[in-house]
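One structure is given here, and the rest of the page talks about it.
Counting from 1, the numbers follow the sequence of the chain as shown. Everything numeric here is computed off the predicted structure, so don't read it as measured data.
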Amino acid sequence: MTDRITDLAISRRALLAGTAAMTAGVLGVPGLPQAQAARKGVLKYATLGLDTADPHRHTGSIAVQQAYVETLTSIASDGAVEPFLAESFQVSPDGKTYTFKLRQNVKFHNGDTLKSADVAANLERVKNKVKGGWLVTAIKLVSKLETPDDNTLVVTLDAPYSPFLNLLSELWILSPKSEGWDETIKTPIGTGPFTFGTWQPKVKLVAPAFPGYWRSGLPKVERVEFDLRDGVDKSLALRAGDLHIIQLDREPAETLKKVGAADILGLKDTSWFSIAFNNRKPRKPFDDIRVRQALALAVDKPAFMNFMGGEQGIVTNQIVAPGNAYFDKAWHDADPFRKPDLDKAKKLLADAGVKPADHTIEFVSWQESYAQVVVQMVRKLGFKVNHVALDDVGAQKRLGQYDWDMNVMSSGPRADIFLRYVRLMSDGPNPTLWGGIQDPELDRMINAGVQEPDQAKRKANYLTASKHIDDKAYFYVIGHSPSLIAVKKGVKGYESGFTWACHWASGGVAHTTIDS
């Protein structure tokens, strides 16, 4: 495990929505059309689940639905925005007007041709029918939609909004003829390489290949079967041949690699880990910044990240990793919590007049082994700890009651840095993991970044927001590690993406083959 500040080979020219993406998004999807080859085999895929058949209403199902629905833009392997259903895009100098040229002859799964009016209808549906989620704020800014012809869409915003192109990579385009369009979609009709076939919630989604897919030669398998079960040892299933591509933790990944059963890939973006405090209804003495700083100093960040990521673990104080356009090395180097310091922690507690033995930390986490690592670390200060480990739903419910003191949580890859910051805002979606911050000044700092077309200035605004978070001791970042994917030997053509997307403009399941 290392900081890897200079040698981390992740060239994320990403998130330069104010520069490269704003100049002339005239990039094309790599590869020329090919003659349609015979499709062979069934790809069995198990990473994240599927929580709804309505792609506009998802609450985290961001690893399955890309197989059957696509978007105007896509996030490339290096994090840059690339065209997808849009052949090109242009952004006005003031950052308010976006002009998209759609690809011609793209077919929905019902045989209809994709037109600009269809895309406009999707934007209007999200704006008028969907509540909650990180797309809502962006779409509310849309003041005008124009469709001068069937292949041109012009979107005008009320104000500059730098994450817009990145966020469109999660605005899936559906046919307005999809069943349930006016309420909740039951059978999505998209343009993807596979169709929405048979769905058994929490069990399986069978997605047959779409013979009319707009990219000749793709997809290369007959269908994808998405395993949606929880609590299954996916590594054993892969070794048995029941799964081909899986999400897994470091230890089983190392085992699979050692026995030669699979190749291990990491998502191009990282998951980040943090400790947070109850910021909505803090109890004494955990409302004292000195106590929070002491607890942060008790956490051995290098040991934690070695436990989580091994050699790929990254210790830092920032919500993005080295190599990201928004990472600031100078601030990283100045991190006062980079290494544990129990003596300093105990002095802070003494200065605050706190005797740890007199207090019990109500500590909430998911049912993850890494939580116990942090619990044991903070116990070294003398605090008693009541550790409550819950499943996802239970943890969210308990955190939302704000009757706890401390947690340790992780958050996965995102298409734009704003999707990390938005959850720290007073009205942000799912703010509980970071203690439900309510800080108008922090909101202002984040919004300044969102509204800034210039990337360098935007980075400075976001950095100011992060330093404000540290000054207030709302939470502390421990570090980053890539989420791991195992690809069974004999599976070819699959590359892990920037996010959990199973299919994007230049890679994913459509390109995958299976040796017979």
Side-chain angles (χ1 to χ4, degrees), residues 272-308 315 317 335-411 423-424 426 430-439 469-479:
W272 60 290
F273 300 83
S274 61
I275 57 168
F277 304 97
N278 183 349
N279 297 302
R280 191 75 60 93
K281 299 177 182 178
R283 295 188 308 143
K284 293 185 178 301
F286 305 106
D287 59 343
D288 191 313
I289 286 179
R290 292 167 295 183
V291 175
R292 296 183 176 203
Q293 290 171 337
L295 289 165
L297 285 167
V299 175
D300 188 333
K301 292 167 70 167
F304 180 94
M305 291 315 307
N306 183 64
F307 177 82
M308 289 309 305
V315 171
N317 57 347
D335 180 11
F337 305 100
R338 190 171 180 176
K339 295 180 180 179
D341 190 334
L342 292 180
D343 290 338
K344 185 176 180 180
K346 291 175 180 178
K347 184 178 185 305
L348 283 168
L349 293 174
D351 291 345
V354 173
K355 296 180 179 179
D358 294 340
H359 301 281
T360 298
I361 300 172
E362 287 293 324
F363 195 105
V364 178
S365 77
W366 288 313
Q367 294 168 338
E368 297 284 355
S369 57
Y370 64 74
Q372 191 57 231
V373 173
V374 174
V375 168
Q376 294 305 320
M377 289 174 177
V378 299
R379 277 185 173 144
K380 291 180 180 180
L381 292 176
F383 286 103
K384 295 186 287 289
V385 181
N386 181 35
H387 180 202
V388 181
L390 301 165
D391 62 15
D392 184 56
V393 174
Q396 293 286 359
K397 182 178 180 180
R398 178 64 189 274
L399 291 171
Q401 293 170 353
Y402 296 104
D403 59 352
W404 51 277
D405 302 310
M406 184 177 180
N407 72 30
V408 58
M409 292 289 177
S410 65
S411 185
R423 298 166 79 179
L424 313 177
S426 298
N430 191 22
T432 55
L433 273 62
W434 300 276
I437 300 169
Q438 299 281 282
D439 185 341
I469 289 166
D470 266 16
D471 290 342
K472 294 289 186 178
Y474 291 139
F475 66 86
Y476 293 99
V477 177
I478 303 173

Taking the side chain as every heavy atom from C-beta outward, state whether [X] and [Y] have any pair of such atoms under 4.5 Å apart.
X    : Y    : answer
L349 : V291 : yes
M305 : F273 : yes
Q396 : L433 : yes
V477 : W272 : yes
S410 : M308 : no
P431 : R423 : no
H359 : P285 : yes
L381 : L295 : yes

Legend entry - Geometric class of the F304/Y370 ring pair [parallel <30°, tilted 30-60°, perpendicular >60°]: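 Y370 and F304: perpendicular rings.
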Legend entry - Aromatic plane relationship, F383 with F286 - under 30° parallel, 30 to 60° tilted, over 60° perpendicular: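 The rings of F286 and F383 sit tilted, inter-plane angle from 30° to 60°.
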Legend entry - Flag, side chain of R280 to backbone of G436, donor-acceptor distance under 3.5 Å: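 Yes; at least one donor-acceptor contact below 3.5 Å.
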Inset, instruction - Name all pairs fulfilling the side chain to side chain donor-acceptor pair (under 3.5 Å) condition that reach into residues 378-389, sequence neighbours left out, sorted by first residue then second. - result: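 Those involving residues 378-389 are E362-N386, S365-H387, Q372-H387.
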Inset, instruction - Mind jotting down which residue pairs meet the side chain to side chain donor-acceptor pair (under 3.5 Å) criterion with at least one end in residues 349-358? Sequence neighbours excluded, please. - result: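 Checked against side chain to side chain donor-acceptor pair (under 3.5 Å) - neighbours excluded - the pairs reaching residues 349-358 are K347-D351.
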Can you tell me how far apart [atom1] ([X]) and [atom2] ([Y]) are? Round to the nearest 0.5 Å.
X    : Y    : atom1 : atom2 : result
I289 : L348 : CD1   : CG    : 11.0 Å
D300 : M377 : CG    : CE    : 4.5 Å
M409 : W434 : CE    : CH2   : 9.5 Å
I437 : I469 : CD1   : CD1   : 5.5 Å

Shortest non-hydrogen contact from [X] toward [Y]:
X    : Y    : value
A352 : D288 : CB-OD2, 3.8 Å
V408 : A371 : CG1-CA, 3.6 Å
D403 : N278 : N-ND2, 4.1 Å
D391 : W366 : O-CD1, 4.0 Å

Legend entry - salt bridge (Lys or Arg N to Asp or Glu O under 4.0 Å): pairs with one or both residues in residues 364-375, sequence neighbours excluded: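 Listed once each, the pairs would be none.
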Who passes side chain to side chain contact (heavy atoms under 4.5 Å, CB included) against [X], sequence neighbours left out?
X    : result
V364 : R398, L399, W404
Y476 : I275, F277, Q293, A296, F337, D470, A473
D341 : L297, D343, K344

Inset, instruction - Run the salt-bridge test on D405 and R283 with the 4.0 Å N-O cut-off and return the result as yes or no. - result: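 The answer is yes: the pair qualifies as a salt bridge.
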Inset, instruction - Using only heavy-atom distances, determine whether the side chains of N279 and Y402 contain a donor-acceptor pair under 3.5 Å. - result: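 On atom types as modelled, these side chains do not qualify, holding no pair under 3.5 Å.
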